[in-house]
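Reviewing the structure listed below.
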Amino acid sequence: MDRRNDSLDPRETGNPYDSVDATERQTDSSAQVSTSGGPGAHGAGSPQDIPMDTYAAGDSIRQTVGRGRPTETGSYIFPAFDDHHPPEKDLIDDCVHCGFCLPTCPTYVLFGEEMDTPRGRIYLMNKALDEEPMTDNNVRHWDLCLGCMACVTACPSGVQYDKLIEATRAQVERRYERSPQDKAFREMIFQLFPYPNRLRLAAAPLKLYQRFGVGDKLHKAGVMKLLPKRMRAMEALMPMLNEQQDVPEVTQPVGEKRARVGFIKGCVQRVFFSDVNSASVRVLAAEGCEVVAPKLQGCCGALSVHAGREEEFQGFARKLIDAFEGLELDHIIINAAGCGSTLKEYGYLLRDDPEYAERASAFGEKVLDISEFLQELGPVAERHPLPVAAAYHDACHLAHAQGVRKQPRQTLKQIPGMDVREIKEAEICCGSAGIYNMIEPEPATELGDRKARNVLNTGARMIVTSNPGCMLQIQASLKRMGESMPMAHPMEVLDASIRGEPVESLLER
Amino acid sequence: MEHDRLVRTMEAILGPEGVISEREQLRSYECDGLMNYRVIPELVVLPETAEHVQQIVKLCYDEGIPFVARGSGTGLSGGALPVESGVLIVLSRMRKILEVDIPNQRVVVEPGVLNMWVTNEVAEHGYYYAPDPASQLISSIGGNLAENSGGVHCLKYGFTTNHVMGAEIVLPDGTMVNVGGGKAPDAPGYELLGAFVGSEGTLGIATKITLRIVRKPESVRTLLAAFKDTEEAGGAVSGIIGAGIVPAAIEMMDSLCIEAVETAVHPGFPQAGAILIVELDGPKAEVESQFEQTVRICEENNASEIRIAEDDTERALFWKGRKASFAAMGRISNDYYVQDSVVPRTELGKVLKRISEIGEEHGMRVANVFHAGDGNLHPLVLYDNNVPGEAERAEDVAGEIVLTCLEHGGSLTGEHGIGVDKKKYMPKMFATEDLDTFQLLRCAFDPHQICNPGKVLPTPRLCGERPGPFRMHPVQKAGLAENF
Ligand SMILES: Cc1cc2nc3c(=O)[nH]c(=O)nc-3n(C[C@H](O)[C@H](O)[C@H](O)COP(=O)(O)OP(=O)(O)OC[C@H]3O[C@@H](n4cnc5c(N)ncnc54)[C@H](O)[C@@H]3O)c2cc1C
Ligand code: SF4
Ligand code: SF4
């Protein structure tokens, strides 16, 4: 007997029971969709703290699920990985599939599906390790990882996702054939960014172009729209160039010498943010450090290693180790978060190189982020007041990759008058992620805008962060939203305070 | 329907970005939080609205395609395990908080909203969402509803079922209905909401859920007490409950578990055979006097150390240690297999002793972390999937543990659900007639057996099919129900 044939079944006869439509009971569909978050965030500590904004999925989901993406090449590589450092099975096995890493993974936040989560990516690695080929699809999902390492912070099982994704990326770069366009674009980036001189040359025309407002005119004329998306993304990110200042090879400490430190100048930092380097050196000297900044120092290779370009990285790393060898330094100081996390890993990354392995780990052990170092050293220079509300943005490669969260905040809070504000969703990446915002502009833009909104919501007058990439990214998003906010590296703020500059020196830039 | 046409039809509903059909991608959905069971679904779909869900389900119904709902995939009983040649409906893109109605103490959410977001959303008003599974950071409200999830604070505040006021559900034939009350607390008629909560995705898919939120208590006190072994800790638990105190939570962890969380999140727990975390909340005066009493009872039961959380930070640290315990098992073991049987509190000591014996007999390590207040055990059988045969042995150990609990008058599951994992034990706990009554209910919602088939009830039968020689169900005999 099937009840469904019974004429009393309401599903077939409509609703015979009463005259009132059941939908009246439903909640008003016009009810406001809440996008505001909960209480203030507490900085990037535990994911428990994030009051999450609940947005609907944005357009960038098309970049990952669905057929017929431009990046597809129809590759089928089996076995997926070769014997040269595939992602380690032992590390993969640490993952118990609990999902605790999902809520802070930016691609999960954007796309809401499994393959673009740490849990999913590790699962794909595991499958590729023993059963499945390397295809456009799994490469796509690994490519879309920002390498922000929020998952490393969140994981209670201690899964070393950083090592897993680095190994996977090196395999992809070696074995997977990208589409010609994709390849050319990546090559262009890697011929440019790690080389300060080339970057400076490339940026020179940009300088003119900015001075005469050509960009704005082109934007108005809609000409920019004709450029490929990735080029447009690059253009939007280019900062105004300031006068270049190089830091001296040796800077003497103010007062009694408390330490002798090496100073790494970075690539993007050196070209676009040379002020940050000068400020850092002044601060170090003011705190009693003799600062040694070897003239001949190239890129640290962070961009290369994050993109799986293993050999290129090793070349850079060896040169940098050479440059700092024999200088008898107490520490080696870096002020860019993205470089710092790689520098600290030199030992692991060069573990196969008999000539350099040991030197690399000795080098890595000396590396400290500048605010980490300053807090360890303790302040001596007098801080003058800077009465301003500043939002502090955790750079992923500082907070997640190096666990440095308290120190930069402390550095700022030691300045009288400074009101340090927390940004909601602090642990979610701003989308900059090295070269990610140039290679994957759509998701990066959505993340950037989300971050920019959260920054604006703090009501702060300025934003402070330790990574050049984050600054460019957030600035670009603010600009797109028709907003602007002064930005500074913590060292610029501290430098202004120690030198007794007025707050305006930071705000009017 | 053949695969390509199904893909195209789904794409017409959801757009290409809402349909996953490539093998490598499908594989990332082949299991949930319980990795022992894996099935690659035919298709994964990612609806963004209730209408999407309705259209998908309608299509499945018309074409006779089985489907399974999935939230965040953290379930520990294989509830969201896909079915072969079936569609997995993943709700993780339905994650909007639709309405926050503080005066009526309710929040309306889409099913993919994560448990923690609800509390975060209302915290500034002094409210929170009480059910707090250890997976609250990531488990979805839809999944919580389907599993009737509970957490450490459910001893006093009740499980998910006590905090859901109503739900919009797409039935297995694509009809959309509302069950439960609206703004008013109670609704007449059959308690369909009660039947739906805990149904493990077998009666339909929730697309909108109304939750009750509660005010933060005036005062909260938390202590951590260390004991020589689980037996002494168990004595303290009995003492506290026996004294008429209803703590917000009493949790126990054994030494293996303490070791794992220490390496994972460094809560600074003492080295001990067992620790208890006891939390009291409520009006200040009451909490203070009962807290003193609790401390005394712990001391009387030979607690070697008692730590009292001085502030929210310290309290959060205690709980962080507790809540990370499953996930932290990765630190001491490659894989684990977790059970969640419930035993009468009075039997706790005996059952724990037997559990450690079972582990020893099979040469397997078993870690224990559990809701001591209501006797809800979570024995974690540690094993290594790469060692051939270990997974099976772990399952055997877990099975014996379950049977032991049943022998002591316990129940199969406190909060993780039956899923595929424990359905084989259902006949040990229920008589055939009981199971048949479940089946009758299920058939009323899902006559064609397409909604999460093969879960919860053993030996899946078609509706109307009886095992063995025909016997009329007692409910039928009494004329109370018909065989659909
Ligand atoms: C580390 C860890 C700790 C845990 N701790 C606890 C705990 O303390 N207490 C506890 O109770 N549980 C706990 N769990 C189990 C799990 O988190 C809960 O069962 C949770 O409710 C599942 O939610 P989910 O969103 O992951 O659902 P899923 O696993 O995706 O699905 C679970 C079930 O719900 C169904 N379902 C999902 N969404 C819907 C919907 N919208 N409508 C109808 N059915 C639906 C699925 O079909 C499936 O049967 C833990 C899990 C892990 C991994
Ligand atoms: S590194 Fe960042 S983007 Fe990549 S999986 Fe981890 S959390 Fe997600
Ligand atoms: S990476 Fe860590 S947090 Fe994420 S699923 Fe695996 S064990 Fe859990």
Side-chain angles (χ1 to χ4, degrees), chain A residues 1-4 11 22-23 25-28 31-34 37-39 46-48 50-52 54-57 61-62 64-68 89 93-100 102-103 108 111-115 119-120 123-124 127-128 132-133 135 137-138 141 154-159, chain B residues 15-20 22 24-25 27-29 31 33 35 46 48 72-74 90 92-93 95-100 108 112-114 116-117 119-124 135 137-138 168 173 175 178 182 210 263-265 316 320 324 326-331 334-336 386 447 482-484:
Chain A
M1 235 183 305
D2 187 349
R3 260 280 210 158
R4 292 175 43 78
R11 288 174 252 183
T23 50
R25 238 171 5 99
Q26 295 181 16
T27 35
D28 186 1
Q32 135 257 3
V33 172
S34 161
S46 82
Q48 224 135 340
I50 7 161
M52 178 75 61
T54 51
Y55 300 102
I61 53 175
R62 289 201 195 95
T64 180
V65 177
R67 295 177 292 176
K89 182 81 180 152
D93 282 344
D94 286 341
C95 173
V96 294
H97 220 242
C98 68
F100 277 35
L102 269 58
Y108 181 69
F111 311 141
E113 35 78 12
E114 186 71 21
M115 298 83 66
R119 182 174 69 178
Y123 208 81
L124 293 176
K127 292 292 149 193
E132 299 285 335
T135 63
N137 279 316
N138 37 28
H141 300 305
C155 176
S157 273
V159 171
Chain B
E17 64 275 13
V19 182
I20 297 171
E22 306 277 342
E24 317 87 272
Q25 297 174 307
R27 291 209 76 168
S28 62
Y29 284 100
C31 63
M35 292 166 80
L46 297 154
E48 287 177 46
S72 302
T74 68
V90 179
S92 55
R93 281 188 186 162
R95 47 185 172 178
K96 283 194 284 299
I97 295 181
L98 298 169
E99 199 188 336
V100 178
V108 184
V113 165
L114 305 185
M116 196 69 197
W117 294 355
T119 293
N120 285 337
E121 189 72 24
V122 298
E124 60 183 327
S135 57
L137 278 179
I138 173 61
E168 174 189 272
D173 66 353
T175 321
N178 275 274
T210 306
T263 26
V265 293
K320 191 173 173 189
F326 287 8
M329 285 301 146
R331 303 276 180 163
N334 270 349
D335 305 273
Y336 67 83
N386 297 325
E482 279 183 60
N483 183 9
F484 302 144

Pairwise side-chain contact, A:Met115 with B:Glu24, heavy-atom cut-off 4.5 Å (strictly under): no
Side chains of B:Phe326 and A:Val96: closer than 4.5 Å at any heavy-atom pair? no
Among A:Thr135, A:Asn138, A:Val159, A:Asp94, single out the residue with the greatest number of heavy-atom pairs under 4.5 Å to chain B. A:Thr135
Shorter than 4.5 Å, heavy atoms on both sides: which option in B:Val90, B:Ile20, B:Leu114, B:Val265 has the most such pairs with chain A? B:Ile20
Taking all heavy atoms of A:Tyr123 and all of B:Cys31, pick out the closest pair and write down the distance. OH-SG, 3.6 Å
Side chains of B:Asn386 and A:Lys89, heavy atoms from C-beta outward: is any pair under 4.5 Å? yes
Rounded to the nearest 0.5 Å, how far does CE of B:Met35 lie from SG of A:Cys95? 6.0 Å
Within a strict 4.5 Å, meaning less than it, do heavy atoms of the A:Glu113 and B:Tyr29 side chains meet? yes
Give the minimum heavy-atom separation between A:Leu102 and B:Ile138, together with the two atoms involved. CB-CD1, 3.5 Å
Quick one: pull up CG in B:Asp335 and NE2 in A:His97 and give me the separation to the nearest 0.5 Å. 11.5 Å
What closest approach, in Å, do B:Ala327 and A:Pro156 show between heavy atoms, and which atom pair accounts for it? CB-CG, 3.2 Å
Based on non-hydrogen pairs under 4.5 Å, which of B:Ser28, B:Pro16, B:Gly330 is most in contact with chain A? B:Ser28
Decide yes or no for A:Arg119 and B:Thr74: does some side-chain heavy atom of the first lie under 4.5 Å from some side-chain heavy atom of the second? yes
A:Tyr108 and B:Ser72: which non-hydrogen atoms are nearest, and at how many Å? OH-OG, 4.4 Å
